[in-house]
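Data block below; observations after.
Just so we're on the same page: letters track the sequence lines, and every chain starts at 1. Below, all heavy atoms of this structure are taken into account, side chains as well, without hydrogens, waters or symmetry copies.
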Amino acid sequence: MSTVSKSFNHVTTPLLKQVIEAALLASGETLTIEQLQALYSDEQRPHRTDVNAALAALRTDYANRSIELIAVAGGYRIQIRQEFAPFIAQLWEEKPVRYSRALLETLALIAYRQPITRSDIEAVRGVTVTTQMIKTLMERDWIHVVGQRETPGRPSLYATTKTFLEYFGLSSLDALPPLPQLSEPLANNPPVFIDETDPNL
Amino acid sequence: MSTVSKSFNHVTTPLLKQVIEAALLASGETLTIEQLQALYSDEQRPHRTDVNAALAALRTDYANRSIELIAVAGGYRIQIRQEFAPFIAQLWEEKPVRYSRALLETLALIAYRQPITRSDIEAVRGVTVTTQMIKTLMERDWIHVVGQRETPGRPSLYATTKTFLEYFGLSSLDALPPLPQLSEPLANNPPVFIDETDPNL
Amino acid sequence: MTTVAAEQTPPFAMVHGQPLHELPMDLYIPPDALEIILETFEGPLDLLLYLIRRQHLDILAIPLTEITRQYLVYIELMQALKLELAAEYLVMAALLCEIKSRLLLPNDNPVDSDEPDLQATLIQRLLEYEQIKQAAVALDQLPQLGRDVFAVCIAPPMYLPRRPPPPVALTDVLNALQQVLKRAQQFTAHQVIQEPLSQRDRMTVIMAHLQTINSVSFYDLLTLHEGRAGVVITLLAVLELMRAALLDCIQAEPFAPLQIRLCQPSANHLIM
């Protein structure tokens, strides 16, 4: 793999930089070198050193921009520079002061079905899980990542935190109110709710 | 206000560009010129033309980047360019939803003929429009009820929303792809079915 | 369709009351694909349009007898395959037959105003439907958010002054869950018995535990004071996590302690 990426070094570097930027900007999360490499298929997977070079190039590119690339525990993240906070703060003041129904539904599913992936949640009809939602729940420290499912894409598994239990005054997850008398519609494994033939999709 | 911003033009332009970039990247949403102006306090509020100039400058800056600045739904948005979609898709395991023809046809009718009632849609498509389909479109916030037609039963009139424009990257309804030309039946030469006398033809 | 001819091989379909043992050649559809193709029609107009366009015919000059015949064959095939046939298809069949019968009648009353109306209306509807059909395709080809283009989502600066996050009551969460379950219920393929929450809890504890260390002995996962029930719950949790391909369970030799660790990506996963 190393040999391949080395030989194409000149050609791939600019593109790799763009791909990494796209991934970091779209995910809004900290991504590891491995996750960045995994954006490519096996044959085209860039070498670790190429990824590092691309990250360094991005950091230079951002010198005069409003964003910065920072290394945090376990990976890299793009964030808005501190000096823009006063301006950006205006945006957040307009935000609604209530959580959306979709966010609460996402939280409820994580609480009752943990550990659960984003697509497990999405598979339950009608709940779209945006990155923003997961971020909001993480920032509130109500959910955290407890692992990855070993399926393609290695999706994160979410579970609730101690803070969640404390906020809702629960001694443990067992103390969650029992599910209502609905006949149980949610299979945990395999998740089989998307009806591909549904004409409304 | 205009005078102030004009006089500081040389000094403020680069910073304004960065502030706008920071706001667009941080919000991840469509922001209007007014919202961008409102990032500044009254005394420092930039003139509309300055905001436009900064937006144009950003667009140029992004020529070789993975992102682009587009005019959408009456505002502006920074988004990841289409050519990076295959890479970004790797970040999330879930595949993008494909919508059924039935749903797209219903949506197209609402988009091009709004405001329109359910029975108007049924008349063109020749089939029943299910309640579920209307519900799906409403839940996606692509359509909403804008009134009732004053006929018996007072049927709801549907129209598309701002979210619809944002989802499909349209600056306004005028930016919808033009409708294909109908092959025009001539008024003095009405269309006819040919009657082949030979039934085995 | 009310009578079924007693044949040695059951007829594929009944067309005009006659058993049909083979698909008509001019349908050009492999039998396997037939059901799928029939299901893809969005209604009688769509089917009619397909029949017309398949033969590169002009909508403004449709060979009525032939198209009507083909349409009826499709309708009967759909009924033979027990596809749920919307009433609209039958209404269209009746309309086509009516237009055809009027064409066949001696045209001794050229000022009959009904006849051209029926035809012109149908053709107008076909044209209009085709236009919307194409518009739907064009709409789907626009760059869609989350499919072709992606929103940016990056971290705001720290210490951002912000208003306190909204309060949430546990009942809100419960109500949300109830709603989502109610919705999901309509799409359930089969029913599964709810597992006890304590096992879910245990699964999360085990996963969280394994984030900090590489592997753990199964015995270390057990807590004495939980007794027999605790062992059962832990075992069930481990089995469930193994089934979900999250955990590997390794035994170096017979009767050696079980080592539990997070699943390693296998070669298979990388290929996919």
Of all heavy-atom pairs between A:A23 and B:L91, which one has the smallest distance, and what is that distance?
-> O-CD1, 3.6 Å

Okay, B:F84 and chain A: the region with an atom under 4.5 Å from a heavy atom over there is side chain

Would you name the heavy atoms of A:A22 and B:S66 that are closest together and state the gap between them?
-> N-OG, 3.4 Å

Nearest 0.5 Å, what's the CZ-CD distance between A:R101 and B:E139?
-> 6.0 Å

At a heavy-atom separation under 4.5 Å, does A:L31 approach chain B through its side chain, its backbone, both, or neither?
-> side chain

Hey, could you give me the CD1/CG distance between B:I80 and A:L25, rounded to the nearest 0.5 Å?
-> 5.0 Å

Given a strict heavy-atom distance threshold of 4.5 Å, which part of A:A26 is in contact with chain B: side chain, backbone, both, or neither?
-> both

Proximity breakdown for A:L24 and chain B, heavy-atom pairs closer than 4.5 Å | neither

Minimum heavy-atom separation for A:R65 to B:L58, with atom names?
-> NH2-CD2, 3.6 Å

Tell me, side chain or backbone of A:S41 under 4.5 Å from chain B's heavy atoms, or both, or neither?
-> neither

Looking at A:I67, A:I78, A:D61, which has the largest count of heavy-atom pairs under 4.5 Å with chain B?
-> A:D61

Would you find a donor on one side and an acceptor on the other, under 3.5 Å apart, between the side chain of A:Q18 and the backbone of B:N64?
-> yes

